[in-house]
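Notes for the one structure printed next.
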Number of protein chains: 2
Amino acid sequence: MEKKEMIYYRLDEVDEKILAMLQDNARVSLKDIGAEVSMSPTAVGTRIDRMLAEGVLEGFTTKLNPEAMGHYIKAFINLEVSPEQKAEFYPYIDSVLNVVECNCVTGDYSMLIEVRFKTTADLDHFVGELQRFGKTKTQIVFSTNVKHRCRYWKNDLHHDEEKK
Amino acid sequence: MEKKEMIYYRLDEVDEKILAMLQDNARVSLKDIGAEVSMSPTAVGTRIDRMLAEGVLEGFTTKLNPEAMGHYIKAFINLEVSPEQKAEFYPYIDSVLNVVECNCVTGDYSMLIEVRFKTTADLDHFVGELQRFGKTKTQIVFSTNVKHRCRYWKNDLHHDEEKK
DNA sequence: CGTGAAAGGTCGAAAAA
DNA sequence: TTTTTCGACCTTTCACG
């Protein structure tokens, strides 16, 4: 069986350190990273460019605080969409900016939608809108124990110990 | 009724543009942002510092590609944890790096845990571990329609039109 | 991958709006 | 209070080894 399809990018320890620093603060200077990994800023820049080209690293963004911006209500909505309604559903759900994420999942419901709203009234209204696509089940978040981590997992990155 | 408790930070149009540019690429220079908003780099820096101090902006991070790093399986696990087990559950769940997020939610299950694993075997093993805390129901993601958006929503930011 | 020089970006003080 | 200007300093980029 050909396992080549499953191959992904190897990151060495320096790449991991660079990613870790960028995850912590994407605006650190190449010089500071270089000092940490004992390398020139130029070499660090080259590695970052390589990871961007490979697609392991997709870019740099901000950590925003939804609560501070008034988005107090976070909820997950399970939705059962029939196959014939999906063509209409997809563009609709993409247009709603309160949707944080929308996944197709296994189980009784076919969609799991994460949303953010300012008030429960706004959430209720949105859930009402969804009814035209199918049955819903809503779970409202009232506390978050582990906050969204986009991190990579160091111990999962060791593969391909042999070279080609 | 005092509504002061609900007040959050006002962002004007320039702040919104700055945030939008930083969300798109957190490593853009202050000069480039300044050119876009017709302002000096220094003034842009001052606004960013202010948003960081206020907490609206929490920092800068990377957009990583979990698939490229071998994290193919994404799943949501509903878990019913009894109150007396929570003291044990919280530190455990925080220590598992495959956990992307863990929320306390309303409904039949008290926890909704988002995870990433390399294989379904790894996921199965984790779900097995969770059984000691209570009943689980797992939904595996097989496609994502709307990808995680950390963005703020422009139309939600207009409040306090009157000045104090 | 490192070096060094040129180009470009950032920071802080002072002044202007 | 917020923004601009300006100089000093810091960072990035690129050609070359």
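In what follows, every chain begins at residue 1, and chains take the letters A, B, ... in the order their sequences are listed. Here the structure is a predicted model, which is why all the values come from computation and not from measurement.
Atom CG in D12(B) sits roughly 14 Å away from atom C1' in dT1(D) (whole-Å rounding). Per the geometry, CD1 belonging to I18(A) stands 9 Å off P belonging to dC1(C), to the nearest Å.
Under the 4.0 Å criterion applied to side-chain N and carboxylate O atoms, D108(A) and K137(A) are not assigned as salt-bridge partners. Using a cutoff of 4.0 Å between basic side-chain nitrogens and carboxylate oxygens, E36(A) and K31(A) are not scored as salt-bridged. Residues E13(B) and K17(B) are not paired through a salt bridge, judged by the lack of any N-O separation under 4.0 Å between the basic side chain and the carboxylate.
Fit an axis to the five pairs at each end of the helix from dG2(C)-dC16(D) to dA17(C)-dT1(D) and the two axes sit 40° apart, to the nearest 10 degrees.
Contacts of residues 30-47 of chain A with DNA chain D (heavy atom under 4.0 Å): L30(A), K31(A), T42(A).
For K135(B), the NZ atom counts as loosely surrounded, since its 6.0 Å shell holds 12 or fewer non-hydrogen atoms of other residues, nucleotides or ligands.
Judged by the 6.0 Å distance and 45° axis criteria, R132(B) is positioned over the aromatic ring of Y92(B).
Note: Y90(B) OH to S95(B) OG = 14.5 Å, rounded to the nearest 0.5 Å.
Side-chain N/O atoms of T136(B) and Q131(B) include a donor and acceptor closer than 3.5 Å.
Formation of a donor-acceptor pair under 3.5 Å by the R116(B) side chain with backbone atoms of H71(B) is found in this model.
Among the protein residues, R50(B) comes within range of no part of the nucleic acid, since none of its heavy atoms lies under 4.0 Å from any strand.
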